[in-house]
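One-based numbering, in listed order, for ligands and for the atoms of each. Index from 1, following the sequence.
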Amino acid sequence: MVNKTKRTEVSDFCFACGSEQHVSVENRQLELMVRGEPVSVSVEVSVCPSCKAEVVADGSDPSQLAYEVYRERNRLLLPEQIIAIRKRYCLSQKAMALLIGMGEVTINRYERGALQDATHDSMIRAFDNPRFVLDALERRGKLLSSSQYSKALRRAKQLAGQSNRVAAVPKPWTNGLGAIVAKAKGAQDLIERSGSTWGLAAGQRLTA
Ligand SMILES: [Zn+2]
């Protein structure tokens, strides 16, 4: 069963059968699995009247949308927040990785949208508190270049001095996806028919 909540006719081109068609755009609620949790997301698909192919229409990536919902639900940092925490101390990805004791590649992946686990989330989140960074600089600062070390130390001291209370991580986006989760039920068969719960990207066929 598939929810059809919107239908508009647009003149378009069907990439599936390669013909000029009046492709309709419809809203689909997809249920994806993220770390064993079902997550529902809403995407627009174009539907070809001739070959019935459904293609993600709005340039969104369903798996990334599902990650956003999962992050919000599990209170995980968003990639933007991870970047913001690192930049507060003028740290490079490499320097941040050295201070935390995490791989540089790992930090890089998280900042580009990979989903961090809860342990790594806590480790990065701790750096929101400048006193934690001061402590890390004391213990592991020798691994950093001297310019990186002194820049980070200056910023951490500044921020620690500004406030005695722990600085708050920016509130996660509230983009209405929570409401979509509540609405979306019964799209499971669509995903099952797609053959895979993962890897649906913009322009990719959902069904044939
Ligand atoms: Zn077609």
Run the salt-bridge test on Arg131 and Asp135 with the 4.0 Å N-O cut-off and return the result as yes or no. no

Could you walk me through whether Arg35 and Asp117 pass the salt bridge (charged side-chain N to carboxylate O under 4.0 Å, His left out) test, one step at a time? CA-CA 10 Å; Arg35 304 258 162 92; Asp117 63 27; over 6 Å; no

Can a side-chain donor-acceptor contact be found between Ser92 and Gln148 if the only test is distance below 3.5 angstrom? yes

Is there side-chain contact between Ile124 and Met102, with heavy atoms separated by less than 4.5 Å? yes

Applying salt bridge (charged side-chain N to carboxylate O under 4.0 Å, His left out) to Arg109 and Glu111, what does each step give before you reach the verdict? CA-CA 5 Å; Arg109 285 177 54 244; Glu111 291 192 359; over 6 Å; no

I'd like to verify the contacts: list protein N, O or S atoms under a distance of 2.8 Å from the Zn ion (ligand 1). Cys14 SG, Cys17 SG, Cys48 SG, Cys51 SG

Under a 4.0 Å threshold between the charged nitrogen and the carboxylate oxygen, would Asp121 count as salt-bridged to Arg75? no

